[in-house]
Amino acid sequence: MAAALEEAVGTVCWWGLSPAIDLRLHLPPEPEASVLLVGAAEGRHLLMTAARARRGPPRDITLFVAEQSPEAVARQLLFLLLALEAPERPRPAARAAALLELLGSGSLRPGTAALLRGAAGRLRRWIRAGSGSEP
């Protein structure tokens, strides 16, 4: 019964049960590293790592994500993309409001929906470019 209920409702991810960490602090000192995130249905560790990326020497970090729900990974990639948008597009307060709206609303305002469509299109192009195959 519990397994059927979990399948019906999906996965719930509770942010903040552990502190976000900068993944670079736990990697060997080489300039290139690979990281495997298992069950990382939320992106706070990625956001923390990206936010602190300029604090040390430049590094190439390849991330591999093993997640049961690919929708959760896609959602977090979209949030990461929106968080890293150029500062002038849109202004930081509007970007923060859009992120909060995407996290907690069942319906989106037209401006937020347009922002999401644009980010999803860019993410789709990046993934297709990396796969070596045409749609």
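Numbering of residues begins at 1 and proceeds along the displayed sequence.
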State plainly whether one hydrophobic cluster holds both M48 and L23, where clusters connect Ile, Leu, Val, Met, Phe, Trp and Tyr through side-chain heavy atoms under 4.5 angstrom apart.
-> no
All heavy atoms of T49 vs all of I21, minimum pair found to be OG1-O, 3.8 Å
Nearest heavy-atom contact between A97 and R109 is CB-NH2, 4.4 Å
Which residue pairs satisfy the side chain to side chain donor-acceptor pair (under 3.5 Å) criterion with at least one member in residues 28-39, sequence neighbours excluded?
-> none
Could you state the interatomic distance from CZ (R52) to CG (L25), rounded to the nearest 0.5 Å?
->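 It comes to 7.0 Å.
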At what distance, to the nearest 0.5 angstrom, does CG of L37 lie from NE2 of H45?
-> 7.5 Å
Would you say L27 and R59 make side-chain contact, with heavy atoms under 4.5 Å?
->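 Yes, close enough: below the 4.5 Å cut-off.
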